[in-house]
Protein chains: 2
Amino acid sequence: MTDRLRIDGLQYGRWSRAIFEEMRAARLDAVHVTAAYWENARELMANIGAWHRRFEAHADLIMPVRTAADIDHAKASGRTGIILGLQNCSPIEDAVDLISVFKQLDVHIMQISYNNQSLMSCGYLENDDAGLSRFGREAIREMNRVGMVVDTSHTAERSTLEAIEYSARPTVVSHANPQSARATLRNKSERVMRAVAESNGLMGFSCYPFHLPEGSDTPLEQFTEMVARAVDVMGVEHLAIGTDLCQDQPVEVLTWMRNGNWARVMDYGEGSADQPDWPRPLSWLGGARDFPNIEKGLEARGFDPTEVDALIGGNWRRFLGEALKPKGVGENE
Amino acid sequence: MTDRLRIDGLQYGRWSRAIFEEMRAARLDAVHVTAAYWENARELMANIGAWHRRFEAHADLIMPVRTAADIDHAKASGRTGIILGLQNCSPIEDAVDLISVFKQLDVHIMQISYNNQSLMSCGYLENDDAGLSRFGREAIREMNRVGMVVDTSHTAERSTLEAIEYSARPTVVSHANPQSARATLRNKSERVMRAVAESNGLMGFSCYPFHLPEGSDTPLEQFTEMVARAVDVMGVEHLAIGTDLCQDQPVEVLTWMRNGNWARVMDYGEGSADQPDWPRPLSWLGGARDFPNIEKGLEARGFDPTEVDALIGGNWRRFLGEALKPKGVGENE
């Protein structure tokens, strides 16, 4: 493998030394990991505490990312930098002040909704999307100020477009695919893709089977074809990887991801009563160890080394180099 | 005033620009401020969020202290460094992992109890003191590891002695006086004072009238006489200042400090039904602006400049220079 920088823009494994060893085997220099789905502030603190334990116990394999430069430090020391992020804004509860508090705890990326309506915006599984709420605008302003990235991966279309428009700084879709590759509301329309690119943001390609044209049977060639088409729409500098790997997670965790504390009637999310379990993994991405297959696939598809550099980590690194820095107040005015 | 370093080891004001301006007028280079008495984890997060707002709004006067070197940065930039601390272990609830989380949020000092029995130890107002609890030992080990200072200002005697003995790193009494100056359990016995000094810890002299020989009428000369006698017991290098100023706080806050969420029958703490209010302030310490009077009093009492340097800030600075650094695991073994 070349010496390029490798970054995975989304994983939520059942964290273990074995997974961190796979990250190292794949020479992943950084991974954006999900620290909360439905958790409140106190529960996220516990999850962060658990990450402190992992950083201590596996200091030879992983390290926390405080600034983007830590990704380079991780690479230089042969470790994987862990970027903490949230797939929902539930941990800030109704308190704009908690954004800077969690930023200080190295939470650097936050979705403004998960699947449902949140206090900030609307998730993609709702029937109606009223766009950004009053709190949503205030919270985005504060995220812009402290350098916490706005992520709209699970957010509904109108809310996503309003967030891109309202945010003074570029936003990301850390893990989703073009709707042209698979027509699900969880994927992104060309309109959203263009808006992300025009605002200098980033979209990470998902390898979650439900986001791919042939589900679990999607061949690598079809994935890289999807990449090539998205490059035509957004430009190679605005695309990256966010595998959405949920390695070693039992079905109970999937059920919780879908139902949180809110559902009394079972919600199957992207699954169904017939298929309530995790989708069968892709043959070419069974775990973090297989991340190099994406790289090989892009090379085989004919992307030149500079493009592969960009897609496989360079774009995330460049984006985070700006996005994680705190900014002065009032940039939204 | 000379260019010496000035540190106040305890204040809990009704924070305002006016108080921060008094800190500057007194050329205080750092102040240890109380961020929680009875708060739980979530409530402390809100208080820390409020401090983030203050650091932003009054960046010309104050700055957060992350490492002891920030005290020097504060001095060099003509500001007061704010050291966050807790007068109770309630914010870590029952979770040892929250110690490193709050350390990351720049909480650097924590009392192992306030007035009552806590999950860690026993406060000075209880009838019986069973010493350190199982959780108390575990939490002190973790405080030692991350570099969070053990403070026993309000802790009962047996718990205090056990904490000094158990802690692998020096501990402090951030704000209390010798019992020889005023015989209250809130002050410290000669046995505790010697144990603090022998473990290379620190005691900060309190200016709260209830801790002083003549209460609100205690003259400055009697205060400095108390200092001189304590120096004979502990050595000048183990003594400092922790004024316990509660500037501009209404009586409701005092009532809450005493009663928290726990009392249904009014608890008067060091006061009484006849005297439920704040004690009248000392004539020579009406607020942070008067901090230089302590310095002048020590000089008038005949302490030489090196001793005044040590007492007025140098000892805190030296102590924190070691104490705030994280240490390797297992130093208690």
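Letters A, B, ... mirror the listed sequences (proteins, then strands); counts begin at 1. Only heavy atoms go into these numbers, but all of them, side chains included; no hydrogens, no water, no symmetry mates. Just so it is clear, the structure is predicted and the values come from calculations on it, not from any experiment.
Using a 4.5 Å cut-off between non-hydrogen atoms, the part of residues 106-121 of chain A that approaches chain B consists of A:D106. Applying a 4.5 Å heavy-atom cutoff, the residues of residues 30-43 of chain B that approach chain A are B:A41, B:R42. Against chain B, the residues from residues 96-105 of chain A that qualify, each with a non-hydrogen atom under 4.5 angstrom away, are A:V96, A:D97, A:L98, A:S100, A:V101, A:F102, A:Q104, A:L105 in number order. Residues of residues 13-22 of chain B lying under 4.5 angstrom from chain A, judged on non-hydrogen atoms, do not exist.
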